[in-house]
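Note that ligands are numbered from 1 as they come in the structure, with each ligand's atoms numbered from 1 the same way.
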Amino acid sequence: MINVQSLSKKFGDIAAVSGISFEVKEGEVFGLLGENGAGKTTTLRMLATMLKPTSGTATMAGWDIVKEPEKVRSSIGILFGGETGLYDRLTCEENIAYFGELNDMSKTQIKERIKELAKVFNMEEYLKRRAGKLSKGMKQKVAFARAIVHDPKIMLLDEPTSGLDVSATRDVHEFIVTCKKQGKTVIFSSHSMSEVEKLCDRVAIIHKGRLVEVGTLDEIKSRHGKNDLENIFIELVGDRSESWQARMDCI
Ligand SMILES: Nc1ncnc2c1ncn2[C@@H]1O[C@H](COP(=O)(O)OP(=O)(O)OP(=O)(O)O)[C@@H](O)[C@H]1O
Ligand SMILES: [Mg+2]
């Protein structure tokens, strides 16, 4: 469903992503793990066609991100960072409908779909309220609904639980599980090992723009002879606690 081929992105001298290749099969939940600045967001932005690769490419549901960006966009749903990006002055319904229109859905299709999604995310009561007046958790559910209004085959989620409390985090996790149940293919980035262990079928670890590990959790654990993903992660990206100590000793 997703085939990433030697994808690279340079920002001036900075090699943000360097020749990353991986595959994600249909219906899989795939986790991108990496430190701050590893290249996760840059990778996801290229897959979402928000950013042009310097070299390499990827196909999403068979469409090429460089040659067929419109086709790719109609096949994907996106949720980037903590910000929902909703229009405060529009109602929830209007926010979702607007995205449906952008994705060439008919008015009838949009109406039906909103009904369905309101049920799934339990937000029937506040559909007609302005988005700006809702709580964070409520807004998030509207953002979920908006991201999948056009029933995309693929979901790209960049740190979807970053900055969220326990119950909002659980909502995101349930959203990912719902997507999987509906047969969608999901890639999400995260800093949380437990989140990745809980949700992912397969994982990739990115370090300084390069892919340093990819596989199922069991494969990765047996390759490294360790049962703890955090220890494997530290082994791959390097433990910086000593250098921290050295720096702290100087002050
Ligand atoms: N628009 C940009 N212009 C210049 N450099 C950028 C730009 N976007 C990202 N970078 C650089 O690319 C590298 C990778 O950044 P990226 O945002 O992809 O990392 P990340 O893995 O998402 O990190 P985090 O976990 O902190 O979100 C960093 O060195 C960053 O400074
Ligand atoms: Mg990021």
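- Looking at atom 12 (O) of ligand 1, its nearest protein heavy atom turns out to be Ala16 CB, 3.2 Å.
- No heavy atom of Gly34 sits closer than 4.0 Å to any atom of ligand 1.
- Regarding atom 28 (C) of ligand 1, its nearest protein heavy-atom neighbour is Gly37 O, 4.0 Å.
- With respect to the salt-bridge test (charged N to carboxylate O, under 4.0 angstrom), the residues Lys198 and Glu195 do not qualify.
- Given atom 25 (O) of ligand 1, the protein heavy atom at minimum distance is Lys40 NZ, 2.7 Å.
- Within the 4.5 Å cutoff, the side chain of Met60 has no heavy atoms near those of the Ser75 side chain.
- Ligand 1 has at least one atom lying under 4.0 Å from a heavy atom of Glu159.
- The part of Glu35 lying near ligand 1 is the backbone, judged by heavy-atom distances below 4.0 Å.
- The option from Leu33, Thr41, Leu44 that lies nearest to atom 17 (O) of ligand 1, judged by heavy atoms, is Thr41.
- Summary of contacts: the protein heavy atom closest to atom 11 (C) of ligand 1 is Phe11 CD1, 4.0 Å.
- Using a 4.0 Å threshold on non-hydrogen atoms, atom 19 (O) of ligand 1 counts as touching the protein.
- Under a cut-off of 6.0 angstrom, the local environment of NZ in Lys111 is sparse, with at most 12 non-hydrogen atoms contributed by other residues, nucleotides or ligands.
- Within a 4.0 Å radius of atom 30 (C) of ligand 1, the protein contributes no non-hydrogen atoms.
- Salt bridge status for Glu174 with Lys141: absent, with no side-chain N to carboxylate O gap under 4.0 Å.
- Inter-residue side-chain proximity for Lys115 and Glu124 is flagged as unmet; no heavy-atom pair is nearer than 4.5 Å.
- The nearest heavy-atom contact from the protein to atom 26 (O) of ligand 1 is Asn36 ND2, 2.9 Å.
- Arg73 places none of its side-chain heavy atoms less than 4.5 Å from the side chain of Ile78.
- Annotation: atom 16 (P) of ligand 1 to nearest protein heavy atom, Thr42 OG1, 3.5 Å.
- The closest approach between any non-hydrogen atom of His191 and ligand 1 is below 4.0 Å.
- A salt bridge links Asp201 with Lys180; the closest basic N to acidic carboxylate O contact falls under 4.0 Å.
- Using cut-offs of 30° and 60° on the angle between ring planes, the pair Phe121 and Phe144 is tilted.
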